[in-house]
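Computed over heavy atoms, backbone and side chain alike; hydrogens, waters and symmetry mates excluded. None of the values given here were measured: they were computed from a predicted structure.
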Amino acid sequence: KDLEKYKGFEKLGGNRKAIYDAILEQLEKLKTAFDKKPHGSLSAEATYLCDTIKPQMVALRAAVDKAEGVMEASIYPYPTYEQMIYHHHF
């Protein structure tokens with residue numbers, strides 16, 4: 001929805017497309033890494049999750065954080081931190 005607003009005027013949308021593409025790229029990397037998770041040894045699995053999956057989750061989170069900064073609040077599907085913390089003021 002966010003990109004649709006800039007159809008025909010892509011330059012006005014800034015780097016939104018690149019930001020959203022980065023989310024998809026990081027998500028695919030996470031899926032690929034998760035598919036390679038070792039099985040059989042809980043220790044090896046735990047090490048893999050900490051050393052490989054967790055950093056990839058951090059990279060995905062960073063990409064999503066960038067999107068949150070440019071996305072119109074009305075189309076964001078989750079409440080903002082401000083709404084969660086100060087909901088009693090709204």
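Nearest approach of Cys50 to Pro55, heavy atoms of both residues: O-CD, 3.4 Å. Summarising the geometry of Leu30 relative to Met57, their closest heavy-atom pair is CD1-CG, 3.8 Å, with the distance given to 0.1 Å.
When Ile53, Leu49, Thr47 are each tested for a side chain to side chain contact (heavy atoms under 4.5 Å, CB included) with Asp51, only one passes: Thr47.
Relative to the ring axis of Phe34, Lys37 places its NZ or CZ within 45° and under 6.0 Å from the centre.
One finds the CG atom of Asp21 at 11.5 Å from the CD atom of Gln26 (value rounded to the nearest 0.5 Å). A distance of 13.0 Å separates OG1 in Thr52 from NZ in Lys29, rounded to the nearest 0.5 Å.
Salt-bridge check for Arg61 with Asp65: passed, with a basic side-chain N closer than 4.0 Å to an acidic carboxylate O.
No donor-acceptor distance shorter than 3.5 angstrom exists from the side chain of Tyr48 to the backbone of His39, with no hydrogens or angles considered.
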